[in-house]
Amino acid sequence: MTEVNQATAAEHGLSASEYDTMLSIMGRAPTITELGIFSVMWSEHCSYKSSRKWLKTLPTKGPQVICGPGENAGVVDIGDGLAAVFKIESHNHPSFIEPYQGAATGVGGIMRDVFTMGARPVANMNALRFGSPDHPKTRHLVSGVVAGIGGYGNCIGVPTVGGEANFDPAYNGNILVNAMTVGIAKADKIFYSAAAGPGNPVVYVGSKTGRDGIHGATMASAEFDDDSEEKRPTVQVGDPFTEKLLLEACLELMATDAIVAIQDMGAAGLTSSTVEMADKGGVGVELNLEKTPVREEGMTPYEIMLSESQERMLMVLKPGREEEARAIFEKWELDFAVIGRVTDSGRVMLKMKNETVADIPVAPLVDAAPIYDRPWEPTPTRAPVMASQSAEPENPLDALKQLLASPNHCSRRWIWEQYDHMVMADTAQRPGGDAAIVRIHGSERGLAITTDCTPRYCYAEPETGGKQAVAEAWRNLIAVGATPLALTNNLNFGSPERAPIMGQFVGCVSGIGAAAAALDFPVVSGNVSFYNETSGEAILPTPVIGGLGLVDDLAQTARVAFAEQDQAIVLIGTTAGWLGASSYLQEIEERREGAPPPVDLVVEKANGSFVREQIIGGAASSCHDVSDGGLIVAIAEMAMASGIGAAIEAPETGIPLHAWLFGEDQARYVLTTADPAAMLEAAEMCGVKASVIGQTGGESLTVGGIHTISVNELRGAHEAWLPEYMAAP
Amino acid sequence: MKSAVIVFPGSNCDRDIAVALERASGTAPAMVWHRETSLPAVDFIVLPGGFSYGDYLRGGAIAARSPVMRDVEAQARAGVPVLGICNGFQILTEIGLLPGILMRNAGLKFICRDVYVSVADNRTAFTAGYAEGQVLRIPVAHNEGNYFADDETLDALESNGRIAFRYTTPDGAVCDAGNPNGSARNIAGIFNENCTVLGLMPHPERVVDPAHGGTDGAGMFTGLVEALAQ
Amino acid sequence: MKARVHVMLKNGVLDPQGKAIGHALGSLGFKGVGEVRQGKIIELEIDAANREAAEELVEQMCQRLLANTVIENFTIDIEE
Amino acid sequence: MKARVHVMLKNGVLDPQGKAIGHALGSLGFKGVGEVRQGKIIELEIDAANREAAEELVEQMCQRLLANTVIENFTIDIEE
Ligand SMILES: Nc1ncnc2c1ncn2[C@@H]1O[C@H](COP(=O)(O)OP(=O)(O)O)[C@@H](O)[C@H]1O
Ligand SMILES: [Mg+2]
């Protein structure tokens with residue numbers, strides 16, 4: 001047997017002090033299997049050792065929240081006895097190494113988190129960040145990641161209804177693949193992971209265990225170096241077909257009352273599922289590892305415990321219900337094995353053919369997991385960029401066309417057309433709008449879903465960036481007419497061991513917390529992904545927000561497409577012409593500078609509530625929030641989506657025209673209406689800033705009566721970039 | 001109309017088609033598990049879309065060898081109308097109820113989007129709800145929808161009026177611009193000799209309800225209900 | 001025994017994957033690449049009394065499942 | 001010259017296709033089927049001065065495009 005000492009512990013990523021703590025918990029030299037278990041449980045990925053202190057500051061409560069962070073996914077009440085279960089999760093490192101399988105297994109993992117809780121997944125989203133389009137790896141990564149996400153979601157039959165995709169050189173060596181799943185369950189039939197009932201059988205179901213992905217969790221917690229390619233064999237291969245069977249089988253068994261507790265085997269596989277189930281229930285678990293269904297001969301206890309083979313679940317059943325459960329899993333042609341039982345020892349005891357290979361007290365393993373208060377440095381503040389410091393373009397519509405045809409603003413159609421976004425026949429708003437809407441099956445109500453983050457704001461000013469990400473997600477939900485309910489978040493950062501990076505993290509979390517509290521938009525689940533850096537180059541801080549909202553009546557929603565000719569275009573919110581950290585500055589002037597636009601959460605809330613009322617009351621015929629690229633980009637998107645043109649007039653404000661058009665002031669929306677007078681009056685009553693800025697109609701976009709461009713020309717430029725880029729060698 | 005929907009491991013449009021059938025006929029279809037060896041007495045059988053057996057080996061290949069397919073085949077040969085959508089179409093070709101095969105899309109990518117198809121002939125039960133030459137907007141969602149058969153087979157399909165739907169442009173032109181996947185002669189759906197078996201790649205069940213953003217698929221099901229009532 | 005089945009598209013059947021591979025090789029700068037065809041290989045562990053029995057068995061498997069003879073040809077290799 | 005490349009999943013890497021095929025053969029009543037693995041075969045017409053040059057060329061093609069060496073192994077056959 002392999003000897004365990006300081007050196008083997010270090011190879012497992014445990015520091016000297018962590019190893020000492022482990023020795024004192026065990027009171028003897030640990031076995032290699034025990035070391036493996038400690039190392040994955042204490043990895044950043046499983047223990048949140050660098051982030052926990054800060055995550056605790058986030059608001060997680062609200063009358064709608066049934067279950068906040070801590071379980072497999074968050075749960076919120078959506079009325080009619082139903083609950084939405086949702087979470088987002090990263091699969092960044094595996095996707096960089098093997099884009100297809102990395103992204104595919106990411107989707108598989110997050111869907112298991114959701115159906116483990118008893119919910120049928122109804123929608124998937126994906127937030128992607130790639131390196132510069134010129135980087136030699138980018139095209140291959142985009143192609144593989146998108147195919148992998150589609151390959152898994154399409155097969156399983158859950159629609160992928162939206163997401164984000166951006167390019168920036170900061171992700172050259174470390175792409176981000178964040179996948180989100182939303183499911184629906186009966187509110188009184190949520191399944192949790194706390195094991196209970198000493199003597200109850202512990203059951204393994206799903207695929208067989210192979211040698212794949214051993215040490216995936218520790219990999220997710222280490223930064224890349226030049227020989228990461230050598231670590232390749234740890235990549236897991238997913239089988240969406242088996243996951244579909246597992247989903248159906250689990251839901252079928254969940255319709256009975258045979259299950260006491262259930263937990264998917266995600267990162268760190270059988271180890272984390274066993275330890276977490278025991279810990280949450282305050283009980284012990286004894287497993288007979290030789291009963292584990294294995295794919296290969298001669299697998300050691302260490303390998304069985306650390307394998308990250310996909311499409312597996314661990315359950316505790318009520319006594320005597322094994323055969324009923326077995327019949328269901330056999331019907332779905334899945335493995336089923338009783339591999340152990342719940343005990344009252346408070347220990348995880350693992351045996352292989354009667355020999356004890358691990359015997360660990362659960363509470364100290366979990367409670368003594370290291371927590372760090374890492375040193376952090378605040379990000380230096382930046383000066384704003386005044387509109388006068390930016391040269392006015394000759395024709396702002398040329399700049400608009402250039403922006404719409406740029407990698408970060410062009411249409412994402414090439415991506416979403418590879419995703420089945422309509423299966424389940426409940427997609428009421430397809431990708432391409434502000435938020436997607438899926439109908440709650442069998443009703444006329446719906447869930448609105450979005451993901452958002454503007455990393456360049458987060459980099460410039462983490463706290464503002466964190467607030468803005470939440471505000472934009474909230475705004476996207478409002479813009480379709482939904483009531484925002486709650487959010488999930490995926491915090492993607494560089495190494496927490498570097499104070500400036502930790503400072504970005506602290507700032508973003510603080511901004512997220514402030515915005516979530518102010519907007520009654522609690523955090524119910526999330527994921528942290530650190531060490532997103534290569535050879536010391538960190539990614540932009542990227543705290544992706546996944547937002548969920550409720551639509552009470554699908555007939556009372558709005559879309560981005562202009563609804564009709566000759567309607568008034570109303571701008572909600574205040575325009576100062578804020579160009580700092582804007583898309584305009586970055587893409588047109590190639591300047592990455594300036595403070596990002598401030599986020600006023602009080603105004604944000606007032607404007608959003610007003611806009612939502614205008615939509616559900618039927619006054620607004622279309623709606624789009626103003627985000628990246630500013631007002632004119634929002635209007636162009638509304639025009640391109642409908643084929644209807646618009647004529648815009650800037651009011652007399654003294655703001656240079658280009659700043660008025662491209663500034664990224666927050667809390668703004670564009671609405672169209674047949675009755676602008678009524679809308680302005682209503683706005684005034686609510687103290688909301690609103691003004692008529694133009695009229696829909698024709699087939700061109702015209703600004704100030706001088707500059708004009710055809711909607712078709714804009715659309716051609718907007719649609720062309722991504723397919724052309726991907727078709728190039 | 002009493003109908004049956006066959007459910008294979010990996011089917012994922014079985015619920016969608018059941019909803020569309022119930023909406024059109026007022027009666028929920030019988031959901032028949034692939035391991036059954038005989039079907040209940042029904043007027044109409046559907047093989048739904050999805051990824052039966054993960055689409056491994058070839059789309060529909062393994063499902064076509066399921067126990068239930070022997071009875072489906074027998075019923076089809078006895079004249080019970082059978083509809084195969086997407087993966088269901090692939091299964092029908094694999095079992096030989098329809099000629100040809102669906103190969104990988106010419107663009108080598110999964111495609112999910114609205115396409116336009118024209119109705120060749122409205123004298124069949126499947127197309128009775130449409131006008132001849134009508135252009136429908138219906139979504140596709142597939143990786144392997146590129147219809148292939150040898151020229152002789154294609155000629156025979158054409159001359160016997162067995163091409164049910166062809167991909168077109170929005171204004172009904174049959175040309176490459178309207179062909180999403182490289183299918184021979186823009187074929188989106190075909191009949192058997194008696195027009196009692198239809199296989200098609202587009203998903204009519206995804207556009208039966210205003211909430212879907214289109215209702216062009218509804219005519220297939222309302223037409224069927226009416227035709228089968230006679 | 002181990003059987004290895006090669007399944008290739010028949011001549012005359014368009015092979016979009018093969019074509020795409022040929023194209024991609026060209027873009028990567030490989031010169032002199034002519035036709036490219038992609039097929040499948042299926043390796044099976046089987047129980048059979050002897051080579052003939054094995055061949056016969058695998059031939060059956062091909063006819064019934066492994067190949068679609070509308071568009072595909074197959075060949076069988078048996079390794080003892 | 002003609003090159004034939006066999007690409008198979010590495011040992012230990014899950015092969016869902018092979019699994020499904022093996023399972024289907026069992027359901028069709030074929031007995032004694034053990035492990036089934038599915039791979040790809042790619043046939044290429046190439047221009048090369050001699051066998052060594054051809055092997056070298058195709059090896060390059062495999063490394064750069066034809067195989068995904070993270071999870072796949074490949075072998076090359078040259079036919080003159
Ligand atoms: N990776 C992706 N997958 C699916 N849909 C995407 C993806 N990236 C972007 N989209 C869709 O494209 C549209 C525009 O995205 P984005 O510009 O990020 O919207 P917004 O600015 O409103 O947040 C949205 O409907 C979004 O869902
Ligand atoms: Mg938006």
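Letters A, B, ... are given to chains in the order of the sequence lines, protein chains preceding strands, and every chain is numbered from 1. Side chains included, hydrogens not; waters and symmetry mates left out as well; all remaining heavy atoms used.
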* Asked: If you count heavy-atom pairs under 4.5 Å between each of C:Met8, C:Gln17, C:Glu45 and chain D, which one has the most?
  ->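 Top count of heavy-atom pairs under 4.5 Å with chain D: C:Glu45.
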
* Based on non-hydrogen pairs under 4.5 Å, which of C:Arg4, C:Arg37, C:Arg64, C:Lys2 is most in contact with chain D? ->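 Winner by heavy-atom pair count: C:Arg37.
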
* Nearest 0.5 Å, what's the CD1-NZ distance between D:Ile41 and C:Lys40? ->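 Answer for the CD1-NZ pair, D:Ile41 versus C:Lys40, is 12.5 Å.
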
* **Approximate separation, where rounding is to 0.5 Å, of D:Glu35 CD and C:Ile46 CD1** =>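 Nearest 0.5 Å value for the CD-CD1 distance: 14.0 Å.
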
* Where on D:Leu57 is there a heavy atom nearer than 4.5 Å to chain C: the side chain, the backbone, both, or neither? ->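 For D:Leu57, the contact with chain C is made by backbone and side chain together.
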
* At a heavy-atom separation under 4.5 Å, does D:Gln60 approach chain C through its side chain, its backbone, both, or neither? ->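 Both backbone and side chain.
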
* Determine which residues belonging to residues 19-31 of chain C lie within contact range of chain D, meaning some heavy atom pair is under 4.5 Å apart, and list them by number or answer 'none'. =>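 The list, in residue order, reads C:Ile21, C:Ala24, C:Leu25, C:Leu28, C:Phe30.
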
* Asked: Would you say D:Gln63 has more than 12 foreign heavy atoms packed within less than 6.0 Å of its CD?
  ->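 Counting neighbours around CD of D:Gln63, more than 12 heavy atoms of other residues, nucleotides or ligands fall under 6.0 Å, so yes.
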
